[in-house]
Each structure stands twice: as C-alpha cells, then as structure tokens.
Amino acid sequence: MTFETLGLHPQILQALTDAGYTIPTPVQQEAVPAAIAGRDLMVSSQTGSGKTAAFMLPALNKFANEPVEARPGKTPNQNAQAARSRGERPRFMPAQPRMLVLTPTRELALQVTTATDKYGIHMRRVKAASILGGMPYPKQMQLLARNPEILVATPGRLIDHMESGKIDFSKLEILVLDEADRMLDMGFVEDIELIVSRTPATRQTLLFSATLDGMVGNIARRITTDPLRIQIAGASARHENIEQRVHFVDDLLHKNRLLDHLLRDTAIEQAVVFTATKRDADSIADRLNIAGFAAAALHGDMHQGARNRTLDALRRGQLRVLVATDVAARGIDVPGITHVFNYDLPKFAEDYVHRIGRTGRAGRNGMAISLVNHAEGVHVKRIERLTKQTIPVDVIEGYEPKKTTSAARPRPGWKPGDGRGKPGKPGQRTFAKPGAPRKEGGHRGQRDGRSTESRRG
Ligand code: AMP
C-alpha cells in the first residue's frame, strides 16, 4: 500500500515525499481511509506507530480538498482591521478552530504541531497553533488572533481560554484525543468531558490510546459515534521478538573494531547500521566495503533515485549491510534484516524503537545491538524507560571496554562468576572469525552456519 492509494491530496503526498515517508505505517493504513470517509475512530496504538499522521493526514486532506470559498472567513485580526478602517472599535472575536487535538503533555502538543506543519507545508491557509500551559498568555493571544484552523492543546490551559471566551468550539469539525490513556492517568478526565461538551455533536471524533481497556474504553464509547475500532498489535510494537544488547566502547577506534567484529557474526543475514550523521554513513559504508562487506549508505542527501536503488538492492539481498541515518529508521520492511546496529544512539528515545523495528519483521526474530560510549549511559536509561525494558550489557572477549562505568551493568540473570555481561570480565559468547564456521547455536536468525559473505561468494 502507498500513500497514493490512501487517496490523499497531491499537496499532502508531496509533503510526505519531502519527509521521506514511503509507505504508510499499519495504523495509517487502517485509520486514514476510515477517517477520510468520516468515521469516528477508537485506535489503540503505541507511541511511535505513526499515529500523528494517522489523524492529521485525513484532516489536512479534508481542508485541502475544499474549494477556497468554502473556507471560513476573516480572522479576528482581519476583522479588527476592517472595523478600525470603518472608524469603529474592533469587537473581540474568539478563535473558532475547525480541529482540536488534545494531548497530555506540552512536548507531545509541540510534536503534533510540528508534524502538522510538516504534513501541511504545501497547503496554503492552514494554520496550526499550540495552546500550552507554561506559555506566556500574550503570545497565545497572538496565536489565537490568527484564528488557526487547527489547535493542539493540553487540556488545562485550553479551558482557561475557553472560560475567558477566547475560543469558541461551535464550528469544530474534528476532535482528536491523542494518548487518551495518559491524559486520564494525569487526571484530565473532567477537563476532557468539559471540553467535549462544548463541541458540536456533529463533530468527527478520533481517539488514540495505548490501550482501550477500562476507563479509556468507557470514555471512548461515550464520546464517539459508531466508531471503527483499530487495534495495532501491542507485542510487536514493544518489539518482544527482538533481542537487544548494549556494548560499551571506550572510543571511536574501539567502536569501529567492535562493529567490524560483530558484523562478521555468521547469524547476520542482513543488517542496518544506524549513524548520527550522513558523513559517517558514507564513510562507514566505504570502510565496510573495503573490508569486504557488501555495504551501502542511505541518507537524506542522496537523490530519491539513488535511495530507491539502494533499497531495492537491500530487498533483493544484494546488500548485506545498509549504513543509514534515521531516514531509514521507519518504513523499511525487509524480512532479511536480522540485525540492527546503533553505531550512534538516536537523539530521541522513540527513534530507537523505530530503528530496531527494522529487524524482526514478518513474524521473525531480530537482534538489536547498540554501541555506546560510557557517557551515553543516560541515553540508554531513557530508552529503557520508554520501552519499559532493560537492555542487557554484553561484553566480547578481546573487545572489553577498558573503563568500567556504573552504566555497564551485568545483564539480568547474571550470576557472579559466570563471566557474562560484566564489564572487565570476558563474555562467554564468541563470534566467528571471518570465514570460520560458527561454533554456537542458538543465535537468532542463524540459518546454516555459513557466513552470508561466503554464501554470496
Ligand atoms: P508518531 O507515532 O506519530 O509520533 O510518529 C513517530 C515517528 O514516525 C515520527 O517521527 C514520524 O515522523 C514518523 N512517521 C510517521 N509515519 C511515517 C511513515 N509512514 N513513514 C516513515 N516515518 C513515519
């Protein structure tokens, strides 16, 4: 399925191409056509599933397809100017948004607004504004005076503006509750009910939540009309089929040596190595090629044609190692990718989830290995908090880090003296030397003990 088949307006399709999206995520595939058809939705999907686009694309599509004259008239600013030009005192006009997205946190609201700007970049006259606690009131008044079509708000501050008559929801067409379960956990239930009660019954309601059980389900049923229920599999979103490891490294040299060593694991069918910069993607791909790996880079500076060719080569199995920036963190669906390496950790913990999701596709298992400087232990913790999983630390004989940091913990189940996962003590796990048959069984994704390199001949 492509974004074209979802029936989106060309201006939106162009924005998605600009953003590097190639295929809709599962939640988008299900939610976008239903929302375009006007259905209410109750969607259970995790953060990072692409849910923002799942609700924003249909809304933007609606706005993009309207004839210009059907769009609401003047902004409060324009009305005020017109009144002044008639020598009258401007009358206060509340903002009348057409779409409201409620989010539990400011950060999420800002993310949604940024995503909206990105998806709507080629559309004229669609404005999105965030109304957040902690933002100065005068700044928010300025935003509201532009009468944005789309408001993205946290409930508390929004109610302040509603109560002081700055916002009027009588023209609201689309209401989105994003991360509804978190909003309820944070005690926003009454606020939500109040806000919903001020919106027209004719609105379209789209509710997104990690779970639809319990109180969220009750609220969802109350505020939606004949909703389509969409459930995106939780287990695969949590990547339970992907084994994760962290290796601590002392410096770049150590990191490069370890990567080369790890890539010689005969269990690897295909791997993606994620780097923070385009330059590193290029230089590591070059280096790996010289070392005899069938490797190529993929990043945003490459022309679309070159990117497509690289991905085709990966799909056809001609490439064994793709060295990529986060442009490849999403949307690549190649079942042969048995391993993901984080040469650099991603800037945002959520991107880690996307990156490692490139392996373990199509019901298979996968392995995700992060090479982490000692100072980056805090980023690992952030990822662990997000995924609610502990990532075991691995150490390989001959590649032990010199430093022992508090972040380098023994892996769960580690017992004193078993030599596994403890910094400074060599791990029992060994990797095959290039060309040597693999000694250990049990590594996921292993096929026949021959290296992919030699298989390719
Ligand atoms: P969300 O779950 O909406 O927070 O999205 C998570 C991330 O996935 C964001 O960084 C989006 O930019 C990205 N994303 C959403 N949909 C797609 C897609 N179809 N292809 C690639 N990336 C996507």
Side-chain angles (χ1 to χ4, degrees), residues 9 11-12 34-41 52 55-83 90-103 109 112-113 115-117 119-120 123-132 137 140-178 180 183 188 191-208 222-227:
H9 191 280
Q11 288 168 347
I12 299 174
I36 288 179
R39 291 286 304 263
D40 278 9
L41 302 180
T52 314
F55 59 73
M56 202 44 86
L57 299 182
L60 291 175
N61 193 62
K62 180 176 190 200
F63 302 151
N65 280 315
E66 293 173 332
V68 175
E69 61 275 16
R71 291 178 189 158
K74 296 194 163 53
T75 67
N77 270 347
Q78 288 165 333
N79 278 318
Q81 270 168 15
R91 246 178 350 112
F92 171 76
M93 299 276 293
Q96 291 189 316
R98 303 177 64 193
M99 176 183 196
L100 169 65
V101 182
L102 285 177
T103 72
V112 171
T113 312
T116 308
D117 291 342
Y119 304 143
M123 293 171 59
R124 271 190 252 141
R125 295 159 171 273
V126 174
K127 298 181 289 292
S130 330
I131 295 297
L132 314 169
Y137 274 90
Q140 297 199 332
M141 298 307 298
Q142 272 172 18
L143 290 174
L144 291 175
R146 296 171 62 214
N147 202 20
E149 286 76 12
I150 302 169
L151 270 194
V152 186
T154 48
R157 180 57 68 91
L158 184 70
I159 288 179
D160 289 352
H161 287 294
M162 284 162 57
E163 300 299 11
S164 61
K166 308 280 185 321
I167 303 175
D168 162 20
F169 284 125
S170 63
K171 299 261 165 54
L172 195 83
E173 295 164 45
I174 304 166
L175 171 67
V176 178
L177 273 69
D178 193 8
M183 284 200 276
F188 284 134
D191 290 353
I192 291 172
E193 298 210 337
L194 175 69
I195 294 164
V196 171
S197 73
R198 304 276 178 89
T199 64
T202 50
R203 66 170 192 268
Q204 181 181 27
T205 307
L206 313 173
L207 179 138
F208 288 73
R222 268 210 317 277
I223 65 173
T224 54
T225 309
D226 185 24

Any sub-3.5 Å donor-acceptor pair from [X]'s side-chain atoms to [Y]'s backbone N or O?
X	Y	value
Asn61	Leu57	no
Gln96	Ser170	no
Arg39	Asp226	yes
Glu149	Lys127	yes
Asp178	Thr103	no

Report task. Could you give me the CA-CA distance, side-chain angles and deciding distance for Ile150 and Met56, then say whether side-chain contact (heavy atoms from CB on, under 4.5 Å) is met? Result -> CA-CA 10 Å; Ile150 302 169; Met56 202 44 86; 4.1 Å; yes
Got a second to check how far [X]'s [atom1] is from [Y]'s [atom2], nearest 0.5 Å?
X	Y	atom1	atom2	answer
Asp40	Thr205	CG	OG1	4.5 Å
Leu41	Gln204	CG	CD	6.5 Å
Ile131	Gln140	CD1	CD	4.5 Å
Thr52	Phe55	OG1	CZ	4.5 Å
Arg198	Leu158	CZ	CG	10.0 Å
Ile174	Thr199	CD1	OG1	12.5 Å

Query raised in the report: Taking side chain as C-beta onward, heavy atoms only, is Phe188 less than 4.5 Å from Leu102?
Result: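 Side-chain contact under 4.5 Å: no.
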Query raised in the report: Do Ile223 and Leu177 have side chains that get closer than 4.5 Å, going by heavy atoms?
Result: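 Touching, per the 4.5 Å side-chain cut-off.
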Requested in this report: For side-chain contact (heavy atoms from CB on, under 4.5 Å), just list the numbers for Leu100 and Ile195, CA-CA rounded to whole Å, side-chain angles, deciding distance to a tenth of an Å, and then say yes or no.
Outcome: CA-CA 10 Å; Leu100 169 65; Ile195 294 164; 3.7 Å; yes
If you take all heavy atoms of [X] and [Y], which pair is closest and at what distance?
X	Y	result
Pro148	Ala129	CG-CB, 3.8 Å
Asp191	Pro155	CB-CB, 3.8 Å
Asp117	Ala128	OD1-CB, 4.1 Å
Gln11	Ala64	OE1-CB, 4.2 Å
Ala109	Val152	O-CG1, 3.5 Å
Leu144	Lys166	CD1-CB, 4.0 Å

Query raised in the report: Under the side-chain contact (heavy atoms from CB on, under 4.5 Å) criterion, do Lys62 and Met99 qualify, and how do the steps go?
Result: CA-CA 11 Å; Lys62 180 176 190 200; Met99 176 183 196; over 6 Å; no
Query raised in the report: For Val126 and Arg98, what are the C-alpha separation, side-chain angles and deciding distance, and is it a side-chain contact (heavy atoms from CB on, under 4.5 Å)?
Result: CA-CA 10 Å; Val126 174; Arg98 303 177 64 193; over 6 Å; no
